[in-house]
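In what follows, a structure is listed as structure tokens, so that the remarks can point back to it.
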Number of protein chains: 2
Amino acid sequence: MTRRTTPGSRLPRAAAPYARIKQHLKNELSRGRWPPGEAMPSDAELVAQFRVSRMTVTRALNELRAEGLIERVQGVGTFAAHLARVASQLRIRDLHEEILARGHRHRARVHLARAEAASEGVARSLGLTVGAQVFHTLIVHFEDDVALQCEDRHVNPASAPDYLGCDFTRITPTQYLLQVAPLWEARYSIEAALPSAREARLLGIGRGDPCLVVQRRTVGNGRPITTARLVHPGARYLLQGEFKP
Amino acid sequence: MTRRTTPGSRLPRAAAPYARIKQHLKNELSRGRWPPGEAMPSDAELVAQFRVSRMTVTRALNELRAEGLIERVQGVGTFAAHLARVASQLRIRDLHEEILARGHRHRARVHLARAEAASEGVARSLGLTVGAQVFHTLIVHFEDDVALQCEDRHVNPASAPDYLGCDFTRITPTQYLLQVAPLWEARYSIEAALPSAREARLLGIGRGDPCLVVQRRTVGNGRPITTARLVHPGARYLLQGEFKP
DNA sequence: CAGTGGTCTAGACCACATA
DNA sequence: ATGTGGTCTAGACCACTGT
């Protein structure tokens, strides 16, 4: 019931109790107290230590867990996470957004946009039968007239029946598909490879120039939506990201 | 006060109310109700609709926000997120863990481990003065005798004074540094490039073979810890990850 | 001002693990 | 039986935004 906030004073507002608990545990963890896997204070102990209700402790601990710093097991306790096993998170920005963020102009050139019969590989990754209809686009994306990405994409017609009706010089396939199917899961793989002859030609690079190749498969509501092969000239494109525990 | 859980029966336990609210909103979002930026139901409306207390609604909404699906603004309301602007999250696993997970053996060959005077570039990224002492290791990592990564690393002595005392055939630099400084932030960049002559030799590949090059800079407690250049043969290495909203 | 989200409390019942 | 975390309630006060 007690309220600890400063009264009429103009002091900087005190940090929220849940945030203080969280920061305290973060500090102790960063100092190496509680090696990975070791038991940390229980909810009850933190309630007593910080003179706070249990919901407040729970919130701090749940957020730490969401950040991967601790593990909680019902009936057992709270433990420091095995950080080496914590995967880093790399943030990948949409190419269109990235170009705009740099204050440049994004242009797209559509080299192909048609319905085709699904090959075996495409059918498998989109959950279709071989020979079924599939939409296929091949688009090169430019940043101020510099080719940055060659996007070879196949789309499941069941997920986006009007896909081919879009003007892809005005809206990117990614943007359109996000409208049609707002939520999805994606699986990525990223590798370095040499471009195919056609990709080299479309990107205006040599066949020996290394490229960053991103393969992405997207599933929404349990239904495969699209697969894409995104080829970027290595000398022009950089994936960037950060990891914050 | 009312408890809705099934009594003595052995029915599958009902989903937690906060989880039901969360799932309901997720479903509606995925169906395209509330286009990006549009106002969603307020806390009070959800309280009335689901007959739960406000804490329960708050939890569901806070988790959706943490997942990047909604935005909440104090004094204004709750809104559907602009998904196109939501960056994808790519999970990067530690190489050592990845090799073990595949059931293979990890071997490391140390080609260099010594203290050096910091060059200008190294000094800048580690926050040192040019010519100051810096630790430098060059290690090649193998998965069952196949070279997978060439790790060229510089370490700030202030963050890990005993770094050079490690046996890097038994513990990876990453593992050791995680022990010494358990929490950190990292900035990545990933690009495709050709290996240097030395890297090609150490990895046993040709100079024309494209490589995935990861640059990583790590900072802990506000102090730079280490920078690393990780070179992977493109034909042997694949970064994989997934994104789940 | 009314309406919104941000946070907290002092309980409570539950499922689960261990002994 | 005890102790752990998981979840929920019915309030409450606060800060902020817009009218």
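Quick note on labels: first sequence line is chain A, next is B, and so on, each numbered from 1.
Of the candidates D:dC8, C:dA12, C:dT9, D:dC8 carries the atom nearest the B:A16 side chain, counting heavy atoms from C-beta on. Distances from the side chain of B:S42 to the nucleotides D:dT4, C:dG6, C:dT4 place C:dT4 closest. Closest to the side chain of A:V76, from the set C:dT9, C:dA17, D:dG6, is C:dA17.
The interatomic distance linking A:F79 (CZ) with D:dT4 (P) rounds to 11 Å, in whole Å. Nucleotide C:dT4 holds its C1' atom 13 Å from the CD1 atom of B:I70, rounded to whole Å. Distance, A:E63 CD to C:dG6 P: 12 Å, rounded to whole Å. For A:F50 and C:dT9, the CZ to P distance is 13 Å, given to the nearest whole Å. Straight-line distance from the CD atom of B:Q74 to the C1' atom of D:dC14: 8 Å, rounded to whole Å. Atom CZ in A:R59 sits roughly 10 Å away from atom C1' in C:dC8 (whole-Å rounding). Between the CZ atom of B:R65 and the C1' atom of C:dT7 there is a distance of 12 Å, rounded to whole Å. With rounding to whole Å, A:I21 atom CD1 is found 13 Å from C:dT9 atom C1'.
Between A:T58 and D:dT7 there is no side-chain N or O to OP1 or OP2 distance below 4.0 Å. The phosphate of D:dG6 has OP1 or OP2 within less than 4.0 Å of a side-chain N or O from A:R72.
Closest of all the heavy-atom pairs between B:A108 and B:I139 is CB-CG2, 3.9 Å.
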Q: Could you walk me through whether B:D43 and B:R54 pass salt bridge (Lys or Arg N to Asp or Glu O under 4.0 Å), step by step?
A: CA-CA 7 Å; B:D43 289 20; B:R54 196 177 150 219; 3.3 Å; yes

Q: Go through the steps for B:F50 and B:Y18 under the test ring-ring contact (aromatic ring centres under 6.0 Å, His included), then give the verdict.
A: CA-CA 10 Å; B:F50 287 92; B:Y18 88 91; over 10 Å; no

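Side-chain atoms of B:R54 and base atoms of C:dG6 include a donor and an acceptor less than 3.5 Å apart.
Heavy-atom neighbours of A:R20 CZ from other residues, nucleotides or ligands within 6.0 Å: at or below the threshold of 12.
Checked for salt-bridge contact, B:K26 and B:E67 meet the test: a charged N lies under 4.0 Å from a carboxylate O.
Projected onto DNA chain C by closest heavy-atom contact, A:S53 and B:G77 fall at different nucleotides, the more 5' of which corresponds to B:G77. When the nearest nucleotides of DNA chain C are assigned to B:M55 and B:D43 by heavy-atom distance, the more 5′-ward of the two goes with B:D43.
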